[in-house]
Amino acid sequence: MNKASKALIVWLSILALAIANGLFREAVLLPAFGIPAAFILSGLLLSALIIGVAWVSLPWLRLRRPGQFWLVGFGWLALTLAFEFSFGLAQGKSWPVMLEAYTFKDGNLWPLVLAVTACAPFIAAKMRRKA
């Protein structure tokens, strides 16, 4: 299996975790903590999960050079954005409603999560070298 296929499989696991994180936020964090705190906790949790998945998957992905880490990270970012906007449009959401997630409104850390997604393979590689 080539690196691109492996990276896609890893991204699908990140997608599953992101969906589970959203369900956890809605069912547990929002009722317990309210909107701003729930969004902040959810964003931090998802960021940590993404870095964790990257860390665990690096040996399997067999990325060696910094350019490969960045290519995979930006690939994951592109897949995430394509999924996010396609899913939103399929639900009938307007562009202004979808773009609201990018404003940090009510503690929404989605832009930070996207940055972490792009950087996760590189961050995980740095963490592995220090471990």
Side-chain angles (χ1 to χ4, degrees):
M1 184 179 301
N2 66 30
K3 287 177 175 42
S5 298
K6 289 180 177 182
L8 177 61
I9 290 169
V10 174
W11 177 79
L12 289 170
S13 69
I14 291 170
L15 175 63
L17 287 172
I19 292 168
N21 179 65
L23 294 171
F24 178 69
R25 181 186 63 238
E26 297 298 315
V28 176
L29 297 177
L30 275 171
F33 300 108
I35 291 173
F39 273 112
I40 291 168
L41 291 170
S42 177
L44 293 174
L45 175 60
L46 184 54
S47 295
L49 289 169
I50 292 167
I51 292 171
V53 167
W55 190 84
V56 167
S57 68
L58 278 183
W60 185 60
L61 290 170
R62 295 184 181 206
L63 306 176
R64 302 285 182 248
R65 297 185 311 274
Q68 292 175 318
F69 301 128
W70 290 112
L71 184 62
V72 168
F74 279 97
W76 289 350
L77 174 62
L79 288 167
T80 301
L81 290 170
F83 176 83
E84 183 76 13
F85 288 117
S86 297
F87 190 71
L89 291 171
Q91 289 181 314
K93 291 183 180 177
S94 69
W95 283 100
V97 168
M98 289 189 293
L99 292 173
E100 194 171 281
Y102 296 82
T103 63
F104 294 102
K105 182 179 179 190
D106 293 326
N108 191 339
L109 298 181
W110 185 240
L112 172 68
V113 172
L114 294 175
V116 167
T117 300
C119 298
F122 186 79
I123 292 169
K126 290 291 187 186
M127 291 168 54
R128 276 192 165 276
R129 289 188 184 121
K130 291 183 183 198

Taking the side chain as everything from C-beta on, heavy atoms only, tell me whether [X] gets closer than 4.5 Å to [Y].
{"X": "Lys126", "Y": "Phe69", "value": "no"}
{"X": "Leu29", "Y": "Phe39", "value": "no"}
{"X": "Lys3", "Y": "Val72", "value": "no"}
{"X": "Gln68", "Y": "Pro121", "value": "no"}

Parallel, tilted or perpendicular: ring planes of Trp70 versus Phe74, cut at 30 and 60 degrees | tilted
For the pair Tyr102 and Phe85, name the ring-plane relationship: parallel under 30°, tilted 30 to 60°, perpendicular over 60°.
-> parallel
Nearest-0.5 Å distance, [atom1] of residue [X] to [atom2] of residue [Y]:
{"X": "Glu26", "Y": "Asn21", "atom1": "CD", "atom2": "CG", "result": "10.0 Å"}
{"X": "Leu46", "Y": "Phe24", "atom1": "CG", "atom2": "CZ", "result": "12.5 Å"}
{"X": "Ile14", "Y": "Phe83", "atom1": "CD1", "atom2": "CZ", "result": "13.0 Å"}
{"X": "Leu12", "Y": "Leu79", "atom1": "CG", "atom2": "CG", "result": "8.0 Å"}

For [X] and [Y], work out which heavy atoms get closest and say how close.
{"X": "Met98", "Y": "Gly88", "result": "SD-CA, 3.6 Å"}
{"X": "Leu58", "Y": "Ala125", "result": "CD1-N, 3.3 Å"}
{"X": "Pro111", "Y": "Ala101", "result": "CD-O, 3.5 Å"}
{"X": "Ala120", "Y": "Ala54", "result": "O-CB, 3.7 Å"}

Return yes if a side-chain donor-acceptor contact under 3.5 Å exists between Thr117 and Trp11, otherwise no.
->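 No pair is found: no donor N or O on one side chain lies under 3.5 Å from an acceptor on the other.
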If you group Ile, Leu, Val, Met, Phe, Trp and Tyr by side-chain heavy-atom gaps below 4.5 Å, do [X] and [Y] land in one group?
{"X": "Leu71", "Y": "Met1", "result": "no"}
{"X": "Leu99", "Y": "Val97", "result": "no"}
{"X": "Leu109", "Y": "Leu30", "result": "no"}
{"X": "Phe87", "Y": "Leu81", "result": "yes"}
{"X": "Trp76", "Y": "Leu8", "result": "yes"}

Which of these passes side-chain contact (heavy atoms from CB on, under 4.5 Å) with Val113: Leu49, Ile50, Thr80, Leu45?
-> Ile50
Could you note down all residue pairs passing salt bridge (charged side-chain N to carboxylate O under 4.0 Å, His left out) where residues 61-86 supplies at least one of them, sequence neighbours left out?
->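 Listed once each, the pairs would be none.
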Please test Asn108 against Thr103 for side-chain contact (heavy atoms from CB on, under 4.5 Å), starting from the C-alpha separation and ending with a verdict.
-> CA-CA 8 Å; Asn108 191 339; Thr103 63; over 6 Å; no
